[in-house]
Trainee: 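Sharing a structure, written as C-alpha cells. Questions coming.
Order of listing sets the numbers, starting from 1, for every ligand and every atom in it. Numbers for residues simply follow the sequence, beginning at 1.
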Amino acid sequence: MDFNVSVEELQTRFTNLKKKYAQLQREKFSLDISRGKPCAEQLDIAMPLLTTINGYEFDKPDYRNYGFMDGIPELKKVFADVFQVSPDNVFLGGCSSLNLMYDVLSKAWCFGVLGGTPWCKLPKVKFICPVPGYDRHFSILEQFGIEMISVPMKDDGPDMDLIEDLVANDIYVKGIFCVPRFSNPTGIVFSDEVVRRLATMKTAAVDFRIFWDNAYCVHALYPDAPALANIFTIPDAVVDRVYMFASTSKITFSSGGTCCMVTSDKNYASLKKMFSIQTINFDKINQLEHALFLKDASNVAAIMEKHAQILRPKFEAVLSVFEQGFAGNKYVSWTKPKGGYFITLTVMNGTAKKVVEMCKRVGLTLTDAGATHPLHIDDLDSTIRIAPSYATLEDIIQACKVLVTVVDFAICEQLLS
Ligand SMILES: Cc1ncc(COP(=O)(O)O)c(C=O)c1O
C-alpha cells in the first residue's frame, strides 16, 4: 500500500483496515512464528542417528565409560573438517552451544582469561552487541551485569569503524557476541573485510574475546549463499582472540544434539583445565552417534540440503507475501537472507510494539518487539523478527497476511495522529 495519499484517503483506508482487523479478531487464529525451531519434518531427517550405534563394538576405548573430557576424536574430526581447523583445537561440549558460551563467559568472570584479572573483580565490564541481535546473548550479559554497547548492524556485518574506536580506547570493553553467518535475526553474512578487521583490530584490553557464535555455519538455503571467511586463518590475527561456537541443534536434534568450541591452543588448555573440574566428561554416546551419522563435511552438506528443501519454500512464502502486501510502502523493509532461520522486518518507527501486540490479540504470536536489542529496548521501536521454520507453509502465509494488515493499520494510525 502506498501511503503517499491525501488525509481523506488515509482516513478511508484506516476505516477499512479497522473492519479488516475486526474480522481477523472474529477468525480466532492460532499461529506462531516467534521462535527459530526446526519443524518435525526437519527433525525426522536425523532419526537414523538413533540406530547408528546398533552393533557398535565398544572395544577400546570404551566410550560407555568415564573419560575423554574434551570429546571423542571421531567427532572432533567431523567438526574440524566442517570448519577447516585442526581437531586439536575442537573442544566438544554437551547438547547446547549456548550453555558452552555461558560457561566460558562464567569462567572469564570468576577466574579471568589466561591469567588476567577475573572480570568480576573489575569496576565494570562492557561487551559490544551488534543490533539487532540474538536475545539470549543479551540475557547472559544482562545476568552478569555486563554493560551492553549497541553497535548497528550493516549489510556486511557490524559497524567496524565504531567497534575499532570503542575497543581501542576502553580497557573495560572485554568482548563481543557475533553471529557471523546468517545472523540472528537479519540473516546477513559478515564480509571478509569485517572478519579481518575483527580478528586484527587493536584492543585496549588484552583479554578481549570474540564470542563467534557460528550457530548457522552450514545452514545455507541456496548454493550461492555467501561463505564466511575462516577467522582462524586471517593473516596477522590476534592468536587468542576467538572462541568459536557451533552446535547440531539445527542439524540433528534441538538441545538433543551436540556442540563444540574452537579456540587457540592457549585458550584451549586453560579452559580444558577448568572444565575438568566442572565435569568428568560430556555425553560421549551422543557424540559417537553424531560422528557416525554426520561422517564428514560433505555428508553434513548433504544433510543440510535436505533441511534447505523444507525451509526454502517457507522463506520464499514470507518474502512473496511481503513483496505483494508491502508493494509501494516506503515505511517497511525486510531482509532477504540466503540462509539461517530468520527474516527481519523493519516497520515504521514507533510501531513495532503495537504491531506485535495487535497480532497477539488476533492469535498470531511473534517474537516480542525489543527482544532483538539489549535490555529489550529498541529505541526506534521498528524491528520485528520473523521465524518461518516451525509453522506449516499454509500457516506462514496466513500469518504474514495478518502481519501485513496489522502493519498497515499501525502506519495509518500513526500517520493520522
Ligand atoms: C545465534 C544462536 N546461537 C545459539 C542458539 C542456541 O544454540 P544451542 O541450541 O546449541 O544452545 C541459537 C538458537 O536459536 C541461536 O539462534
Side-chain angles (χ1 to χ4, degrees), residues 32-39 42-43 46 49 71 75 78-79 82-83 90-106 127-141 143 148 153 157-158 175-190 210-221 228 231 242-262 282-283 286-287 290 294 300 304 307 311 315 335 337 339-344 366-368 371-374 383 385-391:
D32 188 341
I33 50 170
S34 64
R35 292 238 63 108
K37 297 196 291 190
C39 63
Q42 286 178 271
L43 298 170
L49 178 148
L75 187 61
V78 177
F79 281 119
V82 169
F83 295 118
V90 179
F91 179 99
L92 302 181
C95 58
S96 154
S97 61
L98 192 72
N99 191 177
L100 206 50
M101 290 175 231
Y102 188 97
D103 272 345
V104 171
L105 194 124
S106 315
F127 257 59
I128 293 170
C129 298
V131 290
Y134 178 39
D135 52 350
R136 291 184 192 272
H137 291 160
F138 304 148
S139 302
I140 294 176
L141 296 171
Q143 193 180 45
M148 293 179 257
M153 202 60 135
I176 180 171
F177 268 103
C178 297
V179 185
R181 192 168 193 227
F182 310 128
S183 186
N184 177 352
T186 61
I188 66 112
V189 180
F190 288 18
I210 298 176
F211 285 66
W212 200 240
D213 181 359
N214 217 345
Y216 302 104
C217 49
V218 290
H219 301 59
L221 291 172
L228 178 71
I231 195 161
V242 181
Y243 304 126
M244 185 181 86
F245 301 91
S247 81
T248 66
S249 277
K250 282 147 192 171
I251 301 174
T252 58
F253 303 125
S254 303
S255 275
T258 185
C259 72
C260 73
M261 171 181 62
V262 180
F282 295 98
D283 181 351
N286 189 29
Q287 290 177 3
H290 275 79
L294 298 174
V300 170
M304 294 318 292
H307 283 268
L311 290 173
F315 274 72
T335 56
Y341 264 63
F342 305 101
I343 292 169
T344 292
L366 297 166
T367 309
D368 283 346
T372 50
H373 289 63
T383 308
R385 186 181 82 164
I386 311 290
S389 55
Y390 189 71

Trainee: Are the ring centres of W212 and F83 closer than 6.0 Å?
Mentor: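 No, too far apart.
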
Trainee: Using salt bridge (charged side-chain N to carboxylate O under 4.0 Å, His left out) as the criterion, list what pairs up with D368, not counting sequence neighbours.
Mentor: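 In terms of salt bridge (charged side-chain N to carboxylate O under 4.0 Å, His left out), with neighbours along the sequence ignored, D368 is linked to no residue.
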
Trainee: If only atom types and distance count, is the side chain of S96 paired as donor or acceptor with the main-chain N or O of S255 below 3.5 Å?
Mentor: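 No, because the side chain of S96 does not come within donor-acceptor range (under 3.5 Å) of the backbone of S255.
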
Trainee: Identify all N/O pairs between ligand 1 and the protein with a separation under 3.5 Å and present them as a table of atom names and distances.
Mentor:
residue, atom, partner, partner atom, Å
ligand 1, 3 (N), D213, OD1, 3.4
ligand 1, 3 (N), D213, OD2, 2.5
ligand 1, 7 (O), S97, OG, 3.3
ligand 1, 9 (O), S249, OG, 2.6
ligand 1, 10 (O), S97, N, 2.8
ligand 1, 10 (O), S97, OG, 2.7
ligand 1, 10 (O), S247, OG, 2.7
ligand 1, 10 (O), S249, OG, 3.4
ligand 1, 11 (O), S96, OG, 2.7
ligand 1, 11 (O), S97, N, 3.2
ligand 1, 11 (O), L98, N, 3.0
ligand 1, 14 (O), Y216, OH, 3.4
ligand 1, 14 (O), K250, NZ, 2.6
ligand 1, 16 (O), N184, ND2, 3.0
ligand 1, 16 (O), Y216, OH, 2.5

Trainee: Any salt bridge between K37 and D32, counting N to O under 4.0 Å?
Mentor: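 Salt bridge: no.
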
Trainee: Mark yes or no for whether K250, through its side chain, and G36, through its backbone, hold a donor-acceptor pair below 3.5 Å.
Mentor: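 Here the side-chain-to-backbone pair exists.
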
Trainee: Check whether any side-chain heavy atom of F245 sits under 4.5 Å from a side-chain heavy atom of L98, and report yes or no.
Mentor: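 Sidechains of L98 and F245: no contact.
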
